[in-house]
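Step one of this worksheet: look at the structure below.
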Amino acid sequence: MTTPALLPLSGRRIPPLNLGPPSFPHHRATLRLSEKFILLLILSAFITLCFGAFFFLPDSSKHKRFDLGLEDVLIPHVDAGKGAKNPGVFLIHGPDEHRHREEEERLRNKIRADHEKALEEAKEKLRKSREEIRAEIQTEKNKVVQEMKIKENKPLPPVPIPNLVGISGGDPEDSDIREKREKIKEMMKHAWDNYRTYGWGHNELRPIARKGHSPNIFGSSQMGATIVDALDTLYIMGLHAEFLDGQRWIEDNLDFSVNSEVSVFEVNIRFIGGLLAAYYLSGEEIFKIKAVQLAEKLLPAFNTPTGIPWAMVNLKSGVGRNWGWASAGSSILAEFGTLHMEFMHLSYLTGDLIYYKKVMHIRKLLQKMDRPNGLYPNYLNPRTGRWGQYHTSVGGLGDSFYEYLLKAWLMSDKTDHEARKMYDDAIEAIEKHLIKKSRGGLVFIGEWKNGHLEKKMGHLACFAGGMFALGADGSRTDKAGHYLELGAEIARTCHESYDRTALKLGPESFKFDGAVEAVAVRQAEKYYILRPEVIETYWYLWRFTHDPRYRQWGWEAALAIEKYCRVSGGFSGVKDVYSSTPTHDDVQQSFFLAETLKYLYLLFSGDDLLPLEHWVFNTEAHPLPVLHLANTTLSGNPAVR
Ligand code: DMJ
């Protein structure tokens, strides 16, 4: 009788396993699979037992052994390092027996310590919430993948490098303009050198206390934010020794495995944006690698029920949460809506679609939502997918979301029509509901709060002048002239907010209320923290119109910064722009080097430096190249295909 062949789940036939001698036909010569499994189980249990016995049987070395008088023969073979691999040689007496005991003791201690550690970790795990554990697992997985990539030294997939036009130059012909540009470069040197001396490796500098400083957006980390933020400005200014110095610090010290809770938005725009720009300008791989490493650390922030990321993430554990002050546990529009440019470049450079998917998911979700009056509220709850407070602003909390819709279109070589449509729709609603003209004829952008317009404009909203000008070309029904004009009006209003102060520097926010126009009213709104938005708008308007007033206004601002913000240890913000004797806040913000000084330098450079047909600046002024169709857009990128 023959045993029928077994039919495994896959359906493939397994021939019977014949173990018995052919001369005993009535003895079953075949084994079923389950029997084989049991045999294997017994075998593995036996091996485990032997292995365990080796470690846990009583310490045989302590027992008196027979002296075979072989020490002299065997001793030369005993070697502390190799001994562990060859336990046999530990049977020898003499001075090596002692060494052998020590080695065994060390091993035993190690096993004990490992057990205790595992026990502790298990206890620790039990104390954590499900979400925390899930995030930790995800982070661990990412870490392993990343480490494998690094270990294998696998270069990131090759992609065609976009057209890198105008990464240096821009020398002005006019000697006066050349001198002004040189002055801006000198200011950059002053800011950098002092940070180098007193704040190196810290996120920012306290120029008066002459020590490092870190804003809460970077938690307790010391990740050299100023270095990363400043790199591309150093590069375009031709400060190559300083650039190299920064590069070396990044190579040797920039580490993202820190137990620190950071702002996803800020880390994205300053670090990932800064590293990507430094990579494109210099071609140095290290910047790309660091940008990708950091991006992986941000990914757990997207583990929310809706895929709208948390505002903050712990770089080590991957646990995310939102700002305590944000309406009903919401994420912020300007934060989760300002990831697109950097994430598209990450997918482009790595061939990994994960970044692209994350930001497109956010876009799709927003498209499906109702918008009161066509306006996007600033708060969105990442658990429920519902809007929080109905508060809309083009300044803080909303600003760069609109900017990135426009720039997504520009960066795609004007092929991302969906982004352009979202931008056009949003801007139309903003113009209808938020943009007004004051009695004195100043055009301003107010804020929508619970059904009424607050006639207040923030310094941050002044960037919109540049955005309207940048988006003019390509706007609906030939409204290009209108938007350029609107951009110019905003530039004028923001210039007025500077001009109406004692220091000729603009306040954090200003009102339009009866006789009050473009002036801060509350004491808490009178500060200037070296922000770039007004100068950014001057620069865009300069590029599109070449009207000399923008250079003039930019120069006024540069002189005021030099006069009132410069101290011997760097540059500091001021607490009250209406007081002619300024009090300093003692912070040199990293965006002063990334943005304010860069826009000033570009304002006094020729248009051939970083031309706008080839470069799009992220919201922290880090230039990223346009991914031209055919050879370099995402869909045309062989790495992605
Ligand atoms: C910068 O970090 C960025 O420009 C951001 O979009 C808003 N604010 C600061 C500078 O003011």
Side-chain angles (χ1 to χ4, degrees), residues 191 203-204 213-218 223 225-233 262-277 311-312 323 331-343 378 393-408 445 447 457-467 470 490 494 497-498 505-510 525 527-540 557 561 565 571-574 577 585 587-600 602 616-624:
N203 287 320
E204 290 178 334
H213 160 74
S214 191
N216 66 348
I217 49 175
F218 300 126
M223 301 198 296
T226 297
I227 301 176
V228 182
D229 233 3
L231 279 176
D232 52 8
T233 308
V262 300
S263 153
V264 174
F265 158 77
E266 296 288 357
V267 164
N268 176 57
I269 65 169
R270 301 193 200 202
F271 281 84
I272 297 187
L275 289 165
L276 290 176
M312 281 175 284
W323 304 110
S331 301
I332 309 291
L333 182 70
E335 297 196 334
F336 64 77
T338 309
L339 303 166
H340 189 95
M341 292 180 67
E342 297 80 2
F343 275 43
N378 290 336
S393 115
V394 181
L397 308 180
D399 49 6
S400 42
F401 162 69
Y402 306 100
E403 177 185 354
Y404 269 36
L405 290 177
L406 173 65
K407 290 181 175 176
I445 313 174
E447 300 194 356
M457 184 168 172
H459 191 289
L460 289 165
C462 286
F463 94 95
M467 178 178 76
L470 183 64
I490 299 296
C494 292
S497 80
Y498 273 50
L505 290 168
E508 181 65 3
S509 85
F510 41 92
E525 293 169 344
Y527 60 88
Y528 172 69
I529 54 169
L530 304 170
R531 285 200 192 276
E533 292 76 15
V534 176
I535 294 166
E536 173 182 350
T537 277
Y538 294 161
W539 173 61
Y540 278 109
I561 291 172
C565 301
F571 287 89
S572 162
V574 290
V577 289
D585 67 6
V587 179
Q588 179 175 285
Q589 307 275 348
S590 80
F591 54 67
F592 178 63
L593 294 88
E595 299 189 72
T596 314
L597 291 173
K598 186 187 283 130
Y599 286 130
L600 277 170
L602 288 169
V616 187
F617 289 71
N618 88 339
T619 193
E620 186 79 1
H622 296 306
L624 298 175

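As the structure lists them, so they are numbered: ligands from 1, and atoms in each ligand from 1. Note that the structure is predicted; figures quoted are calculated from it, not measured.
- Using a 4.0 Å heavy-atom criterion, the residues that approach ligand 1 are Ile269, Arg270, Leu460, Arg531, Pro532, Glu533, Phe591, Glu595, Thr619, Glu620.
- Listed by chain and residue number, nothing satisfies the ring-ring contact (aromatic ring centres under 6.0 Å, His included) test with Phe463 (two or more places apart in sequence, or in another chain).
- For His459 and Tyr527, the distance between ring centers is not under 6.0 angstrom.
- For the atom pair CZ (Arg531) and SG (Cys462), the distance works out to 10.5 Å, reported to the nearest 0.5 Å.
- Every residue meeting the side-chain contact (heavy atoms from CB on, under 4.5 Å) condition with Thr233, not counting sequence neighbours, appears here in chain and number order: Met188, Met237, Lys598.
- Residues passing the ring-ring contact (aromatic ring centres under 6.0 Å, His included) test with Phe265, sequence neighbours excluded: none.
- Considering Tyr528, Phe592, Phe591 as possible partners of Phe571, the one that fulfils the ring-ring contact (aromatic ring centres under 6.0 Å, His included) test is Phe592.
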